[in-house]
Participant: 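Before anything else, here's the structure in question.
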Amino acid sequence: MADPLWLSIFGATLLAGILSGIPVMLILGGMPVLVALVASLFGAFDLTFLQAYPQRAFGVMQNSLLVAVPLFVLMGVLLEKSRVAERMLMQVGRVLGGSPRALTIAVLLIATLIAASTGIIGATIVMLGLISLPAMLRVGVEKGTASGLICAAGTLGQIIPPSIVLILLGDQVANAYLDAQQRAGNFAPDAVTVGHLFAGALLPGLALVLLYGLYVGVRVPGGSSTPWQDAQADNPGIWEVLREALPPILLILAVLGSILAGVATPTEAAAIGVAGTLLLTAARVRSAEGVTERDTASAPPSEGLAATAVNAPGLSGERRSPAWLRHAMTVTGLVAFALVGLRLTGVGRINLASGDVVLTPGAVLALVLTVILVAGLILAIVTLWRAGVLTAALGQAVQVSAMIVGIILAASMLALVFRGFGGDEWVHGLLTALPGDHRSMLLFTLLVIFVMGFVLEFVEIVFIVVPLVGPILLQDVDPVWFAVLVALNLQTSFLTPPFGFALFYYRSVAPPDITTGVIYRAIIPFVIIQLLTLGLVFAWPPLATWLPSVLFG
Amino acid sequence: MEQITATARVVHHTTHTICQLLLAIIVVGQLTVVILRYVFGMGFIELQDAVLYSFAALVVLSLPVAQADDTHVRVDVFRARQSAFWQGRFDDVAMLALLLPFFGLTIWWVWPDVAYSWSIFEGSVETGGLPGLFLVKSCLPLACVLMILQGIAGMVARHG
């Protein structure tokens, strides 16, 4: 039985609690318990409902899909610490020449890569703000355009796979879709996987990048106004640039490719991603000897990291690890790809599971390569551990994933109490009472998510809204299309002033002379681009559904 | 009072280290699973279970770590303008009215499940899987106790 009075009290206390600045996890988990306890005094809530909570908590703990979350977080943290992106930006910017437009496009491209590899909005925006803002301002890019680009490009991590948002959405949408199809009488629906969502989000994500690029291309002058400071200092060859840019690109292709090819699960792909990142990071770690030998003399490590790297790339930013270590890591990486190649051609299969092991030349080769791979990985782990990078990265990854899973655990308590107050029937009534077909339901849902995005992080929204509306909506709506629209919508919501999360993250790193007003004005064109893309996907679903149907049949 | 703070700090460092170890096990374990599966065509349910168990423990045990370090996400729109005094009062309310009932009652609700799990020494649902699921399930009430401990320690620190 829906209970409008208690539902509105519930909603109001949640909103007030979230805005009070108390950790969102405590509000989403504690406030429902509190309201339920009070309501039970008035006989409006049956407390036995809450005894189901431990089962839900165990469900989150034993969800094998979620294992990918801490792995992708660790990958992002390591990439940030190794400053791979920073060096890529420097190299690509130099090659593209000193013009403001070239640099801006370089920032966009690199941001896309970082977004794809880390998927953590806050981290991406802070990193971009620190690295690329000073460089862009120096060559004369207007500060509004630079700010808007950093905020907008920083949120791409939500939509460009592999993204944590899409993994969590995949979990929820798959359950909701199954539920919806059973309600509609279809007892054997095709399964929706995270792979479907990744494939579905790829084209809309790239469309966004293209539109951003067109906008800044028109907005930023192409002529070289102030030549980039170090453009003449040393002219990097194409080899230099490839060495910086190629490994991260290969890493992302490997992770994404293994999921899209349907070979690996997201968790397995995430493990591959972490392994690749370990190699990348070990090849760039500032070794203990390196610090004492050179860096103490040339630049104190305590000085602003971003500043030293951008100002004097020739001095301190270059050789961190001994050459043999970099070569060892390169070899290990190549070996990994060779193994994949062997496996694809089918020669390198050693089936130890079957009784008779036949050591064909291919199998011996695979065995040798595996030994090299494992040795290289161990070397990388030991190097990073001795440099103190590994412990720090693990510690930070634990905190970030605690934040994410804490919200998931709390949101399942919220969902339980919401159901106890008859909230699901209320939502059902609301949706079915809307005039028009499923498109008006969808529009309404997107609007609600957009507004919720002002006060909540994506994890809460995914775990609160999708289980509520999904079972009704997905009876008529394609699940991949729905998920891509939700992801795009959330991303737009995070960019929209005055409450966009992306803008808060950027505010924390932007210099004071870039006022909040400047940021708000600068982001408007990007929000329009977002809405345009959202409208495009809404009006033309194949943009999201075509690629998955080709890849997964 | 000082004893609570000191105990909480030691417990926090221990939990954080355990969480780092669990994450390391997840990385190494999952990577081993991948290599064994794609190169050697082998799979060990025990190994996959070890990864899943580590993750289950990490999920709940990382919560008190983030609580002690104050890294659970907050919405800062109004908090940024509050004085330190009011920020502290809000955190006190959060501790007494939200954290304590939520995690306290969770211990109460989960107790029968965990007791039953111990009574049969519940193992993996997979045949041939790892034993010791009862220990993993016990992490939930344990994490609740740790949350309450860190909550109290935070409050003591604010008023001490």
Side-chain angles (χ1 to χ4, degrees), chain A residues 18-27 29-31 33-34 37 50-51 53-55 57-58 60-62 64 66-67 70-71 74 264 267-268 271-272 274-275 339 343 348-353 366 370 373-374 377 391 394-395 397-399 401-403 405-407 409 413 455 457 499 504, chain B residues 16 19-20 22-24 26-28 30-31 33-35 37-43 51-52 55-60 62-63 65-67 69-80 82 87 90-91 93-95 97-103 105-106 109-110 113-114 136-137 139-140:
Chain A
I18 287 163
L19 291 178
S20 74
I22 292 170
V24 177
M25 193 268 271
L26 291 180
I27 296 295
M31 200 61 99
V33 175
L34 201 64
L37 286 176
L50 300 186
Q51 284 168 6
Y53 182 67
Q55 283 315 316
F58 287 141
V60 175
M61 289 162 71
Q62 291 171 318
S64 57
L66 295 182
V67 180
L71 291 177
L74 179 62
T267 308
E268 289 170 340
I272 298 171
V274 173
L339 269 174
R343 160 116 182 126
R349 188 81 192 254
I350 318 159
N351 204 343
L352 291 183
T370 311
L373 176 68
V374 172
L377 280 173
T391 322
L394 283 173
V398 163
Q399 285 174 336
S401 44
M403 187 188 94
V405 294
I407 285 165
L409 282 170
M413 173 56 92
V455 284
E457 265 272 26
F499 285 120
F504 295 148
Chain B
H16 201 179
C19 284
Q20 284 169 310
L22 288 171
L23 184 52
I26 295 174
V27 172
V28 174
Q30 190 63 50
L31 208 52
V33 167
V34 169
I35 292 176
R37 181 165 155 211
Y38 292 108
V39 181
F40 299 107
M42 285 193 302
V51 171
L52 289 178
F55 174 73
L58 176 69
V59 164
V60 284
S62 62
L63 297 183
V65 173
Q67 174 70 26
D69 288 337
D70 194 18
T71 51
H72 280 299
V73 62
R74 299 170 184 266
V75 173
D76 258 359
V77 191
F78 296 108
R79 189 178 172 86
Q82 290 164 5
Q87 291 183 353
F90 273 114
D91 283 344
V93 171
M95 163 61 203
L98 304 173
L99 192 153
L100 210 52
F102 178 29
F103 290 96
L105 285 170
T106 302
W109 291 318
V110 83
D113 287 6
V114 173
V136 175
K137 283 195 166 179
C139 286
L140 180 55

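Both backbone and side-chain heavy atoms feed into the values below; hydrogens, waters and symmetry mates do not. Residue numbers start from 1 in every chain, and the chains themselves are labelled A, B, ... in the order their sequence lines are given, proteins ahead of strands.
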Participant: Ser64(A) and Leu52(B): which non-hydrogen atoms are nearest, and at how many Å?
Facilitator: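 Closest pair (atom of Ser64(A), atom of Leu52(B), distance): CB-CD2, 3.7 Å.
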Participant: When only pairs under 4.5 Å are counted, which of Val60(A), Leu37(A), Leu74(A), Thr267(A) shares the most heavy-atom pairs with chain B?
Facilitator: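 Looking at each option in turn, the highest pair count goes to Thr267(A).
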Participant: Let me know if Gln82(B) has heavy atoms under 4.5 Å from chain A in its side chain, its backbone, both or neither.
Facilitator: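 Side chain only.
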Participant: Between Leu105(B) and Tyr53(A), is there a side-chain heavy-atom distance shorter than 4.5 Å?
Facilitator: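 With C-beta onward as the side chain, the pair stays apart.
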Participant: Where on Leu377(A) is there a heavy atom nearer than 4.5 Å to chain B: the side chain, the backbone, both, or neither?
Facilitator: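 Looking at Leu377(A), just its side chain touches chain B.
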Participant: Check whether any side-chain heavy atom of Ile26(B) sits under 4.5 Å from a side-chain heavy atom of Val67(A), and report yes or no.
Facilitator: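 A side-chain contact under 4.5 Å exists here.
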Participant: Let me confirm one number: the OG1-CE distance from Thr71(B) to Met25(A), rounded to the nearest 0.5 Å.
Facilitator: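 Those atoms lie 9.5 Å apart.
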Participant: Quick one: closest heavy-atom pair of Leu23(B) and Pro70(A), and the distance?
Facilitator: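 Heavy atoms of Leu23(B) and Pro70(A) come nearest at CD1-CB, 3.8 Å.
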Participant: Just so I understand: if I count every heavy-atom pair under 4.5 Å between each of Val28(B), Val65(B), Asp69(B), Leu58(B) and chain A, which residue has the most?
Facilitator: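 Highest number of pairs under 4.5 Å: Asp69(B).
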Participant: Taking all non-hydrogen atoms of both residues, which atom of Gln20(B) and which atom of Thr391(A) are closest, and how far apart?
Facilitator: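 The answer is NE2-O, 2.8 Å.
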Participant: Of all heavy-atom pairs between Met413(A) and Phe102(B), which one has the smallest distance, and what is that distance?
Facilitator: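 Taking every non-hydrogen atom into account, CE-CE1, 3.8 Å.
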Participant: Between Ala24(B), Pro101(B), Ala94(B), Ala57(B), which shows the greatest number of heavy-atom pairs under 4.5 Å with chain A?
Facilitator: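 Of Ala24(B), Pro101(B), Ala94(B), Ala57(B), Ala94(B) has the most heavy-atom pairs under 4.5 Å with chain A.
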Participant: Which heavy atom in Val34(B) sits nearest to a heavy atom in Ala271(A), and how many Å separate them?
Facilitator: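 Distance-wise, the nearest heavy atoms are CG2-CB, 4.5 Å.
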Participant: Which bit of Ile35(B) is near chain A, if near means a heavy-atom gap under 4.5 Å: side chain, backbone, both or neither?
Facilitator: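 Side chain only.
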Participant: Looking only at heavy atoms, what is the nearest atom pair of Gln399(A) and His16(B), with distance?
Facilitator: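 Looking at all heavy atoms of both residues, the shortest contact is NE2-CE1, 4.4 Å.
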Participant: Is chain B contacted by the side chain of Val398(A), its backbone, both, or neither, given a heavy-atom distance below 4.5 Å?
Facilitator: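 Answer is both: backbone and side chain atoms of Val398(A) are under 4.5 Å from chain B.
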Participant: Could you tell me if the side chain of Leu98(B) sits less than 4.5 Å from the side chain of Met31(A), heavy atoms only?
Facilitator: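 Met31(A) reaches Leu98(B) side chain to side chain.
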Participant: Tell me, side chain or backbone of Leu26(A) under 4.5 Å from chain B's heavy atoms, or both, or neither?
Facilitator: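 Contact with chain B involves both backbone and side-chain atoms of Leu26(A).
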Participant: Is any side-chain heavy atom of Val136(B) closer than 4.5 Å to a side-chain heavy atom of Gln62(A)?
Facilitator: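 No; the side chains remain at least 4.5 Å from each other.
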Participant: Hey, which of Leu409(A), Leu71(A), Leu50(A) has the most heavy atom pairs under 4.5 Å with chain B?
Facilitator: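 Of Leu409(A), Leu71(A), Leu50(A), Leu50(A) has the most heavy-atom pairs under 4.5 Å with chain B.
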